[in-house]
Amino acid sequence: MNAYYTKLPAVLLLADGTIFHGKAAGKIGTTTGEICFNTGMTGYQEIFTDPSYFGQIMVTTNAHIGNYGIHADEIESGSIKIAGLVCKNFNINYSRKEAEKSIQDYFQDEHIVGISDIDTRELVRHIRDKGAMNAIISSEILDIDELKAKLAEVPSMDGLELSSQVSTKEPYFIGDENAPVKVAVLDLGVKKNILRNFAERGVYAKVFPAKTSYDEMKKWNPDGYFISNGPGDPAAMPYAIETVKEILKEDKPLFGICLGHQLLAQANGIGTMKMFNGHRGLNHPVKNIIKDHCEVTSQNHGFGVIAEEVRKSDKVEITHLNLNDQSIEGIRVKGKKAFSVQYHPESSPGPHDSRYLFDDFVEMMKG
C-alpha cells in the first residue's frame with residue numbers, strides 16, 4: 001500500500017468527556033471498549049491477537065506501531081482480539097523482508113478501527129490518573145454529542161463474562177498423541193504460545209471449550225489440568241469456578257495463568273477485584289518468594305486477587321509478589337498439586353525468565 005495516502009480525521013472520546021483528535025488508522029468506522037495501555041516496546045501483533053484483550057481499546061505507549069509489518073507466525077489466536085487501537089505513529093511502510101502485509105492492510109482485512117497521530121503520552125498519563133474507563137473511536141462520526149450517546153450504551157467491564165465468546169467451540173489437540181503426558185486445557189482465551197510451550201516439553205494437550213464440565217474433561221483421563229488466561233471478570237464465571245473446585249477435589253496437578261490464577265483464588269474462597277489500571281507490559285518485576293529470586297515478567301490483566309484475603313486464607317500460600325505494587329502474582333494450594341501465576345510465563349512477547357513454571361508443571365504431572 002502507498003504510505004502517502006490522505007489521512008482522514010478521527011476522534012477518540014473517553015467516558016469522562018476527554019476528547020482527542022487524530023487521524024484514521026485501519027478501517028473507517030466506529031468502535032467502543034474499555035481503554036487500556038501496554039508499555040511493551042515490541043510484539044504489537046501478539047498484543048493485537050491476545051484473547052485477554054477482547055473488548056478493550058489498546059493504547060500502545062511505544063511511538064511506532066506497524067514498522068516491522070505483519071507476519072502470520074506472530075499471532076496468539078486466529079484473529080485480532082482488541083476492539084480498537086490508539087497509537088502515535090501508525091507506520092504503513094514496514095522494514096522487514098519476511099513481513100507479509102502492512103498493518104493498514106491487516107486492520108482493513110480484520111475490520112479493526114484505530115486512531116493515530118495523537119499524544120499518547122498525554123493520554124496514558126490521563127488514564128493513569130483517572131483509571132480504566134470506556135471509550136469510543138470513530139473515523140465516520142465526528143459529532144461529539146452523537147459519540148457520547150453511543151458511548152453511554154457500552155457496558156462496564158466489571159461483571160462481564162467474555163471467555164465463552166473467545167473460547168474454541170469444539171475440542172482440539174496440540175502435540176504428539178503418543179506423548180507420555182496428557183494435559184486438559186480449559187480454553188478461556190488461551191494464547192497459542194502457551195500450547196506451544198506444552199508441545200515443546202513433550203506434552204499432548206486437548207483443548208476444551210470454556211463451559212466444558214469437569215466430568216467431560218475427566219473422561220479423557222489427563223495427567224493434569226491447565227486453566228488458561230482470558231478476558232472479562234472472573235467473578236462473573238461461576239461455571240469455571242465450579243470446574244476448578246471439582247479439579248481440586250480430584251487432586252491431580254493443576255496450573256493456572258492470569259484468569260486461571262484468579263479462578264483458582266475464587267475456587268478457594270478468595271475474592272477478585274477490578275484494578276484501577278491493571279498491569280500490561282513486558283517489564284514487570286516479580287519475586288518468587290519460595291525460590292528467593294526475581295524475574296522480569298510479561299503481564300496483561302485488569303482484574304486481580306484481593307491481597308488481604310489471600311494473606312488471611314488458610315487454604316493457599318503466596319509464591320510470587322509484584323515488586324512494583326506488592327500485588328499477589330502467584331499462589332499454591334496447601335496440600336494440593338495446584339498452583340497459579342497472575343503473569344504470563346509463556347511471554348510472547350516478553351522475556352523468558354518464567355518458563356521454568358511449565359517445567360515445574362510437567363514434572364508434577366510426571367510424578
- Query: Which of parallel (below 30°), tilted (30 to 60°) and perpendicular (above 60°) describes Phe173 and Trp220?
  - Reply: tilted
- Task: Applying ring-ring contact (aromatic ring centres under 6.0 Å, His included), name anything that partners His320, two or more places apart in sequence or on another chain.
- Result: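 Tyr343.
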- Task: State which residues pass ring-ring contact (aromatic ring centres under 6.0 Å, His included) with Tyr53; sequence neighbours excluded, sorted by chain then number.
- Result: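 Counting only residues at least two positions away or on another chain, Tyr53 forms no ring-ring contact (aromatic ring centres under 6.0 Å, His included).
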Roughly how far, to the nearest 0.5 Å, is the [atom2] atom of [Y] from the [atom1] atom of [X]?
X	Y	atom1	atom2	result
Ile28	His111	CD1	NE2	14.0 Å
His352	Ser298	NE2	OG	9.5 Å
Gln104	Asn91	CD	CG	12.0 Å
Lys192	Asp73	NZ	CG	9.5 Å
Lys291	Thr319	NZ	OG1	10.0 Å
Cys258	Glu329	SG	CD	9.5 Å

Looking at [Y], is its backbone amide N or carbonyl O close enough to the side chain of [X] to form a donor-acceptor pair, meaning the two atoms are under 3.5 Å apart?
X	Y	result
Thr297	Gln299	no
His344	Glu346	no
Lys287	Leu323	no
Lys206	Pro171	no
Asp233	Gly159	yes
Asn38	Thr60	no
Glu246	Tyr214	no

Of all heavy-atom pairs between [X] and [Y], which one has the smallest distance, and what is that distance?
X	Y	result
Leu248	Ala338	CD2-CB, 3.6 Å
Leu282	Pro351	O-CD, 3.3 Å
Ser340	His261	OG-ND1, 2.8 Å
Glu100	Tyr94	C-OH, 4.1 Å
Ser228	Leu188	OG-N, 2.8 Å
Pro51	Lys191	CD-CG, 4.2 Å

Would you tell me whether [X] and [Y] have side-chain atoms, one donor and one acceptor, within less than 3.5 Å of each other?
X	Y	answer
Gln45	Glu76	no
Thr272	Gln266	yes
Asp325	Ser327	yes
Asp50	Asn300	yes
Lys245	Thr243	no
Glu295	Ser354	yes

- Any pair counted as salt bridge (Lys or Arg N to Asp or Glu O under 4.0 Å), so long as it reaches residues 269-281, sequence neighbours left out: Glu34-Lys274
Sequence neighbours excluded, which residues qualify as side-chain contact (heavy atoms from CB on, under 4.5 Å) partners of [X]?
X	answer
Ile127	Ile35, Phe37, Val59, Leu123, Asn277
Ser116	Lys7, Lys23, Ala25, Cys87, Phe90
Asn324	His284, Pro285, Asn322
Glu309	Ile270, Ile306

- Among Phe198, Phe358, Phe339, which residue meets the ring pair (Phe, Tyr, Trp, His ring centres under 6.0 Å) test with Phe226?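 Looking at Phe198, Phe358, Phe339, the match for Phe226 under the ring pair (Phe, Tyr, Trp, His ring centres under 6.0 Å) is Phe198.
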Find out whether [X] and [Y] are in side-chain contact, i.e. whether some heavy atom of one side chain is under 4.5 Å from a heavy atom of the other.
X	Y	result
Ser52	Leu259	no
Val183	Val181	no
Val185	Ile194	no
Glu110	Ser79	yes
Phe48	Ile112	no
Arg355	Ser347	yes
Lys315	Lys336	no
Ile331	Asn268	no

Tell me the side-chain hydrogen bond (donor to acceptor under 3.5 Å, both in side chains) pairs involving [range], sequence neighbours left out?
range	value
residues 119-133	Asp16-His126, Thr18-His126
residues 159-168	Glu161-Ser164, Glu161-Tyr239
residues 139-153	Thr30-Glu140

Same apolar cluster: [X] and [Y], side chain cutoff 4.5 Å:
X	Y	answer
Val341	Leu254	no
Phe255	Val244	no
Ile82	Tyr44	yes
Val86	Met133	yes
Ile328	Ile241	yes

- Side-chain ion pair, Asp360 and Arg332, N-O less than 4.0 Å: no
- Task: Would you mind listing the cluster partners of Phe276? Hydrophobic ones only (ILVMFWY), side-chain contacts under 4.5 Å, chaining allowed.
- Result: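 None; Phe276 is a cluster of one.
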- Query: When Ile, Leu, Val, Met, Phe, Trp and Tyr are grouped by side-chain heavy atoms lying under 4.5 Å apart, directly or through other members, which residues fall in the same group as Ile144?
  - Reply: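 Grouped by the 4.5 Å side-chain rule, Val11, Leu13, Ile19, Ile136, Ile141, Leu142, Leu147, Leu151, Val154 form the rest of the cluster around Ile144.
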- Task: Please determine which of Ile47, Val166, Thr49, Ile75 meets the side-chain contact (heavy atoms from CB on, under 4.5 Å) test together with Lys81.
- Result: Val166
- Item | CA sep, side-chain torsions, deciding dist, call: Leu263, Leu186, side chain to side chain contact (heavy atoms under 4.5 Å, CB included) | CA-CA 12 Å; Leu263 292 170; Leu186 188 64; 5.9 Å; no
